[in-house]
Amino acid sequence: MPELPDLEVFAANLQKRFKSKTLETLEVKVAKKLNVSIQELKNTLEGHQLEKVSRSGKTLQLHFKNEAVLGLHLMLHGELRPLNPDEEVKFQIVSFHFKGGDGFALCDFQKQATPTLNPELSEVPDALALNEGYLRELLGKKKVQIKTLLMDQQLIRGIGNTYADEILWEAKISPFSIAKFIPESAVNELLRAINHVLCKETVDIGKKLCEALNGEVKDFLRVHRSDLSKSPTGAEIQIEKKGARKTYFTDEQLLYTV
DNA sequence: ACGCGTGTTACTGT
DNA sequence: GACAGTAACACGCG
């Protein structure tokens with residue numbers, strides 16, 4: 001259940017561990033979300049060298065030397081696990097066995113994690129590739145709550161429930177603010193917060209996880225955490241439910257509704 | 001035991 | 001068309 005910073009770290013660690021290795025066997029256990037046949041996937045990727053691993057929005061991307069790309073979306077519960085020769089990995093969706101014996105699997109007990117061969121590249125900007133003009137124009141025409149906008153993958157890719165709260169706290173904007181009423185100075189602050197929060201978390205989580213391919217790190221979150229009652233600056237953290245998700249915020253954040 | 005859950009999609013209703 | 005709310009997916013975890 002990773003968000004953007006975690007995925008950044010996993011991508012880097014996958015690359016460190018498997019770059020330049022040749023994919024010997026690819027095993028598909030669950031194909032219901034796969035966009036091509038198992039055979040086509042195997043034919044396309046087996047025997048080819050892994051060149052690079054990147055993150056785009058909420059997907060990991062495995063780039064192979066033959067130009068093929070495999071996108072992996074972990075959804076809510078997906079996780080990467082190193083392969084262990086002694087025991088079968090549980091809840092496997094697909095596994096990658098590299099020449100030399102090392103490998104990893106994508107697992108998801110809920111079977112929602114999604115591998116996609118050669119995903120279409122998106123027009124929607126990644127959260128770490130936003131420019132001020134785009135964000136200002138986007139916010140100016142939307143009357144949704146700002147948190148909803150930040151999490152809308154059709155508008156900005158990569159921000160989920162946790163980091164939307166973290167970013168909005170950093171920017172001192174209430175998650176319930178209506179996008180079009182947020183003044184220009186606050187939009188600038190929001191852009192700064194998006195970059196700052198996501199980059200800082202990537203560094204911190206990277207240090208904590210070291211070479212790991214999975215694991216949840218909440219240590220560096222400042223408001224979206226059930227074990228905290230106050231923000232770093234001492235304000236009481238408030239929690240509001242929106243459907244199945246929770247929003248964490250404080251009254252340090254300004255509400256723009258007109 | 002019971003409630004919770006870092007996501008997406010489909011569908012309803014205003 | 002824009003937007004809000006809900007269920008379903010399917011099961012481990014504390």
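Hydrogens, waters and symmetry mates play no part in the numbers below; they use all other heavy atoms, side chains included. Reminder, nothing fancy here: chain letters follow the sequence lines and each chain counts from 1.
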Spacing between [X] atom [atom1] and [N] atom [atom2], to the nearest angstrom:
X      : N     : atom1 : atom2 : answer
A:Y248 : B:dC4 : OH    : P     : 11 Å
A:E3   : B:dT8 : CD    : C1'   : 14 Å
A:R157 : B:dT8 : CZ    : C1'   : 15 Å
A:L150 : B:dT6 : CG    : C1'   : 15 Å
A:R55  : B:dT6 : CZ    : C1'   : 14 Å
A:K246 : B:dT6 : NZ    : C1'   : 14 Å
A:I205 : B:dT6 : CD1   : C1'   : 10 Å

Exercise for review: Let me have a per-nucleotide readout for nucleotides 9-14 of chain C, 5' to 3', with B, S or -, counting only protein heavy atoms under 4.0 Å.
Suggested key: BBBS--
Check your understanding: Where along nucleotides 9-14 of chain B does protein come under 4.0 Å, by heavy atom, of base (B) or sugar-phosphate alone (S), with - for untouched nucleotides?
Key -> ------
Check your understanding: Base, sugar-phosphate, or nothing for A:K241, non-hydrogen atoms under 4.0 angstrom?
Key -> sugar-phosphate
Taking [X] for its side chain and [Y] for its backbone only, find out whether a donor-acceptor pair lies under 3.5 Å.
X      : Y      : value
A:Q153 : A:G158 : yes
A:K143 : A:K180 : no
A:E166 : A:V223 : yes
A:R17  : A:A212 : no

Practice item. Mark yes when over 12 heavy atoms from residues, nucleotides or ligands other than A:E236 sit less than 6.0 Å from its CD; otherwise mark no. Key: yes
Review point. Does the side chain to side chain donor-acceptor pair (under 3.5 Å) test come out yes or no for A:Q145 and A:K242, once each step is laid out?
Key: CA-CA 12 Å; A:Q145 291 182 347; A:K242 266 196 122 205; 3.0 Å; yes
Check your understanding: Run the side-chain contact (heavy atoms from CB on, under 4.5 Å) check on A:V69 and A:F64 step by step: do they pass?
Key -> CA-CA 6 Å; A:V69 176; A:F64 290 84; over 6 Å; no
Practice item. Let me see the working for A:S54 and A:H63 under side chain to side chain donor-acceptor pair (under 3.5 Å), right down to the final yes or no. Key: CA-CA 8 Å; A:S54 63; A:H63 304 259; 2.8 Å; yes
Exercise for review: Write down the distance separating the P atoms in C:dA10 and B:dA1, rounded off to the nearest Å.
Suggested key: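 Comparing P positions in C:dA10 and B:dA1 gives a spacing of 23 Å.
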Point to revise | Same-atom distance (P) from C:dG12 to B:dT8, integer angstrom | key: 23 Å
Practice item. Verify whether the ring centers belonging to A:Y248 and A:H224 lie closer than 6.0 Å. Key: yes
Donor-acceptor contacts under 3.5 Å from residues 75-82 of chain A side chains, at least two apart:
| from | atom 1 | to | atom 2 | distance (Å) |
| --- | --- | --- | --- | --- |
| A:E79 | OE2 | A:R81 | NE | 3.1 |
| A:E79 | OE2 | A:R81 | NH2 | 2.9 |
| A:R81 | NH1 | A:K90 | O | 3.1 |

Study note, to complete from the structure: Residues pairing under ring pair (Phe, Tyr, Trp, His ring centres under 6.0 Å) where one sits in residues 156-187 of chain A, two or more places apart or in two chains, turn out to be A:F176-A:F249
Review point. Can a donor-acceptor pair be found between the side chains of A:E27 and A:S95 at a distance below 3.5 Å?
Key: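 Yes - a donor-acceptor pair under 3.5 Å links their side chains.
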Exercise for review: Answer yes if the side chains of A:S231 and A:E252 hold a donor-acceptor pair under 3.5 Å, and no otherwise.
Suggested key: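 On atom types as modelled, these side chains qualify, holding a pair under 3.5 Å.
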**Study point:** Residue pair A:A127 / A:L198: nearest heavy atoms and the distance that separates them
**Key:** CB-CD1, 3.8 Å
Practice item. Note every stem involving DNA chain B: at least three consecutive Watson-Crick or G-U wobble pairs, i with j then i+1 with j-1, with both distances under 3.5 Å. Key: B:2-5 with C:11-14, B:7-14 with C:2-9
Distances for protein N/O vs nucleotides 3-5 of chain C N/O pairs under 3.5 angstrom?
| from | atom 1 | to | atom 2 | distance (Å) |
| --- | --- | --- | --- | --- |
| C:dC3 | OP1 | A:K143 | N | 2.9 |

